[in-house]
Amino acid sequence: MILGIGVDLVKTARFLTWTKDKKLSTRFFAKEELDYIYSKGKLAHLSFASHFAAKEAYGKALGYGLRGMALKDISVYFDEGKPKLKLENNAKILFENIGGNIIHLSLSHERDNAMAFVILEG
């Protein structure tokens, strides 16, 4: 059963400065996520944008927004090329509290925009 759907769209240019500001990026992204993002070199801002959109889309799918959880506790990783969300701490607890057991994630980006789509199943 679908418990929630969330989508988010962001401007990629907003994340150009994040590639140079490690202090800012470590506030919102897990270490493993940052390793992946920085491996993209000059295109890192596109991954920053799509990963950030995934965090926002997750909060929208929960129906709570991002209140009560740290963005760092929601991270994107890839399993055989497929994007997935890893949840920790309150982000995980809130998902479990609504009876969630499956998260579907789709990411897309191009020069100006990045988006994420999340479906929560229980």
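Both backbone and side-chain heavy atoms feed into the values below; hydrogens, waters and symmetry mates do not.
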Is there a continuous path of hydrophobic side-chain contacts, each under 4.5 Å between heavy atoms, that joins [X] to [Y]?
X: Phe117; Y: Val76; result: no
X: Tyr38; Y: Leu24; result: yes
X: Ile102; Y: Ile5; result: no
X: Met115; Y: Leu16; result: no
X: Ile74; Y: Leu107; result: yes

Between [atom1] of [X] and [atom2] of [Y], what distance do you get to the nearest 0.5 Å?
X: Lys11; Y: Asn113; atom1: NZ; atom2: CG; result: 4.5 Å
X: Leu120; Y: Phe95; atom1: CG; atom2: CZ; result: 5.5 Å
X: Phe52; Y: Leu71; atom1: CZ; atom2: CG; result: 5.5 Å
X: Ile37; Y: Leu46; atom1: CD1; atom2: CG; result: 11.0 Å

Test side-chain hydrogen bond (donor to acceptor under 3.5 Å, both in side chains) applied to [X] - qualifying residues, sequence neighbours left out:
X: Glu121; value: His104
X: Lys31; value: Asp35
X: Tyr64; value: none
X: Thr12; value: none

Nearest atoms (heavy-atom pairs only) where [X] meets [Y]:
X: Ala49; Y: Val10; answer: O-CG2, 3.5 Å
X: Leu85; Y: Ala54; answer: CD2-CB, 4.3 Å
X: Ala61; Y: Gly6; answer: CB-N, 3.6 Å
X: Gly68; Y: Asn90; answer: O-ND2, 2.9 Å

What's the verdict on side chain to side chain contact (heavy atoms under 4.5 Å, CB included) for Met69 and Leu62, showing C-alpha distance, side-chain angles and the deciding distance? CA-CA 12 Å; Met69 66 186 100; Leu62 272 180; 3.5 Å; yes

If you define the side chain from C-beta out and look only at heavy atoms, does anything of Leu94 sit under 4.5 Å from Leu87?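 SC-SC contact between Leu94 and Leu87 ruled out.
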
Less than 4.5 Å apart, any side-chain heavy atom of Ile119 and any of Ile103?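 Not touching, per the 4.5 Å side-chain cut-off.
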
Ring pair (Phe, Tyr, Trp, His ring centres under 6.0 Å) partner of Phe28, chosen from Phe15, Trp18, Phe48: Trp18

Sorted by first residue and then second, give each side chain to side chain donor-acceptor pair (under 3.5 Å) pair with at least one member in residues 66-83; sequence neighbours left out.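 For residues 66-83, and leaving out neighbouring residues, the side chain to side chain donor-acceptor pair (under 3.5 Å) pairs sorted by first residue read Asp73-Asn89.
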
Quick one: which residue pairs count as a side chain to side chain donor-acceptor pair (under 3.5 Å) with a foot in residues 40-63, not counting sequence neighbours? Asp8-Lys60, Glu33-His51, Glu33-Lys55, Tyr36-Lys40

